[in-house]
Amino acid sequence: MAVNLLGLDARRLQTFCAGLGEKPFRAQQLMRWIHHAGVDDFEAMTDMSRPLRERLAQQATITAPRVLRDTTAADGTRKWLLDVGTGNAIESVFIPEEKRGTLCISSQAGCALACTFCSTGRQGFNRNLTVEEIIGQLWLTARALRACAAQGGEVRTAQSDVGSLGRGVTEERPITNVVMMGMGEPLANFDNVVTAMRLMLDDHAYGLSRRRVTVSTAGLVPGIDRLREECPVSLAVSLHAPNDELRNELVPINRKYPIKELLASCLRYVEAAPRGYVMFEYVMLAGVNDTVFQARELAALVKDVPCKVNLIPFNPFPGVQYERSSPGAIDRFREVLMQAGRIATVRKTRGEDIDAACGQLAGQVQDRTNRTRRREGELSR
């Protein structure tokens, strides 16, 4: 069976090349052709011998998930629906901004954590994504955005020299930041996510800095500690409540890892965090977690953790029970945090008209948890 090279980091690609009787530098060449230049045809890798190219064609492949749908919002946000087999599809979102381009990547088909305000969480869970399915999202979207730019599309890019390809090849690099904030809980798919991130960080692949790769977690404390030791990147924690009672309702994993344990793990993580702080995500739900009293409670809760608080206006989806907090409520909440000395920002909603905003990603999932069926049964009683 052919090996999908998208799923191999530097060490594994060197092992693969050694199996072909090749020296380690071939792995670096392959990484640059695949990830820098976006090439999927071994015949195009002209600085390699023809016999090697023929062996690669026989024993390897460069295959990303198949695009089922490609949609662009009025604000330029672009969403891809990608086929990952057996009736499952995931979503990836590119958010263009003036000084950066951020790609939001999925790590699972569905999600098992069942956060009540999240479209993915309500959908259920099927499986973890493989390394090639995770990095494949970055690979194929980068190719699509470069193609758009080449055709005169409005995609901001940065020039990057790929001198080791041998002919002064340059590439367009529209993606400057990657956030693991798509479908799924990244730390529940730890090994595959970390391998994919090592490719993102590798100078022979995507060359992103640790500051520009972010993992978002609902609060898997052992995973946060492992990430600190193995691959510390920027960390965002989905907090969403200032106390255990409310967080147990909104983020059920809190019953296993309550806020005190979570904040302790965040303090440990800050020691290795590339930005020196943790980002706390806080979705603003009208009448649920958005009062001035709760803002004061939150400010006191995180006072000892170097952090920023990102307030996220709730993005509704069909069948959800929550409503978005009013602009006035969000402003008052932020003002309380700022007066208490906490840095607080309000996330701008992007891609809402194509269901690409935070919390709206759903894709298509063959739910092994039967969560949707159980919920429909409860509603019919």
Side-chain angles (χ1 to χ4, degrees), residues 1-9 12-13 30-31 33-42 60-72 77-95 101-112 119-120 123-148 155 174-175 177-186 188-200 205-206 208 213 215-216 351 354-356 360-368:
M1 183 176 178
V3 176
N4 191 344
L5 300 188
L6 283 180
L8 304 186
D9 61 8
R12 291 166 180 161
L13 195 54
L30 276 169
M31 289 180 74
W33 278 113
I34 295 167
H35 300 290
H36 270 202
V39 170
D40 61 355
D41 180 5
F42 296 113
T61 184
I62 302 166
T63 306
R66 181 171 63 94
V67 177
L68 297 174
R69 188 164 61 245
D70 180 351
T71 312
T72 302
T77 299
R78 190 168 172 182
K79 181 174 76 171
W80 290 265
L81 180 69
L82 307 174
D83 182 11
V84 291
T86 60
N88 294 293
I90 59 170
E91 292 182 326
S92 306
V93 176
F94 175 69
I95 305 167
T102 301
L103 182 67
C104 182
I105 285 181
S106 295
S107 57
Q108 297 178 312
C111 185
S119 181
T120 305
Q123 189 175 21
F125 173 76
N126 186 272
R127 66 173 176 85
N128 289 330
L129 298 183
T130 63
V131 178
E132 53 263 35
E133 289 167 340
I134 297 170
I135 205 69
Q137 296 170 69
L138 175 54
W139 183 85
L140 70 85
T141 54
R143 285 197 1 149
L145 293 167
R146 284 196 296 263
C148 180
V155 178
I175 298 170
N177 295 63
V178 173
V179 293
M180 303 295 300
M181 294 182 180
M183 297 172 63
E185 164 56 59
N189 186 15
F190 188 91
D191 291 335
N192 289 342
V193 164
V194 165
T195 299
M197 290 196 303
R198 284 177 176 148
L199 275 167
M200 297 175 198
Y206 297 94
L208 296 173
V213 177
V215 167
S216 176
I354 59 170
D355 292 335
Q360 289 185 319
L361 300 191
Q364 299 169 6
V365 175
Q366 300 298 307
D367 180 23
R368 290 197 289 111

Would you give the length of the straight line joining atom [atom1] of [X] to atom [atom2] of [Y], rounded to the nearest 0.5 angstrom?
{"X": "T102", "Y": "N177", "atom1": "OG1", "atom2": "CG", "value": "4.5 Å"}
{"X": "T72", "Y": "K79", "atom1": "OG1", "atom2": "NZ", "value": "11.0 Å"}
{"X": "H35", "Y": "L5", "atom1": "NE2", "atom2": "CG", "value": "8.0 Å"}
{"X": "I134", "Y": "S92", "atom1": "CD1", "atom2": "OG", "value": "10.5 Å"}
{"X": "Q108", "Y": "L129", "atom1": "CD", "atom2": "CG", "value": "7.5 Å"}

| Under 3.5 Å donor-acceptor, N189 side chain and S107 backbone | yes

| task | Check the pair L140, L82 against side chain to side chain contact (heavy atoms under 4.5 Å, CB included), reporting the backbone distance first and the verdict last. | result | CA-CA 10 Å; L140 70 85; L82 307 174; 4.1 Å; yes

| field | Option among M181, E91, Q137 that satisfies the side-chain contact (heavy atoms from CB on, under 4.5 Å) test with I105 | value | Q137

Under a 4.5 Å cut-off applied to non-hydrogen side-chain atoms, are [X] and [Y] in contact?
{"X": "W33", "Y": "I62", "answer": "no"}
{"X": "V67", "Y": "L81", "answer": "no"}
{"X": "V179", "Y": "S216", "answer": "no"}
{"X": "E132", "Y": "T63", "answer": "no"}
{"X": "V93", "Y": "T77", "answer": "yes"}
{"X": "M31", "Y": "L199", "answer": "yes"}
{"X": "P174", "Y": "R146", "answer": "yes"}

| field | Qualifying residues under side-chain hydrogen bond (donor to acceptor under 3.5 Å, both in side chains), relative to T130, sequence neighbours excluded | value | E133

Which heavy atom of [X] sits nearest a heavy atom of [Y], and at what distance?
{"X": "W80", "Y": "R78", "value": "CZ2-NE, 3.2 Å"}
{"X": "G184", "Y": "C111", "value": "CA-CB, 3.9 Å"}
{"X": "I34", "Y": "W139", "value": "O-NE1, 2.8 Å"}
{"X": "I90", "Y": "M183", "value": "CA-SD, 3.7 Å"}
{"X": "T120", "Y": "G110", "value": "CG2-C, 3.7 Å"}
{"X": "V131", "Y": "G7", "value": "CG1-O, 3.5 Å"}

| said: Just by distance, no angles: are the side chains of R12 and T195 close enough, under 3.5 Å, to form a donor-acceptor pair? | reply: yes

| query | Please walk me through it: do L138 and L103 pass side chain to side chain contact (heavy atoms under 4.5 Å, CB included)? | reply | CA-CA 7 Å; L138 175 54; L103 182 67; 3.9 Å; yes

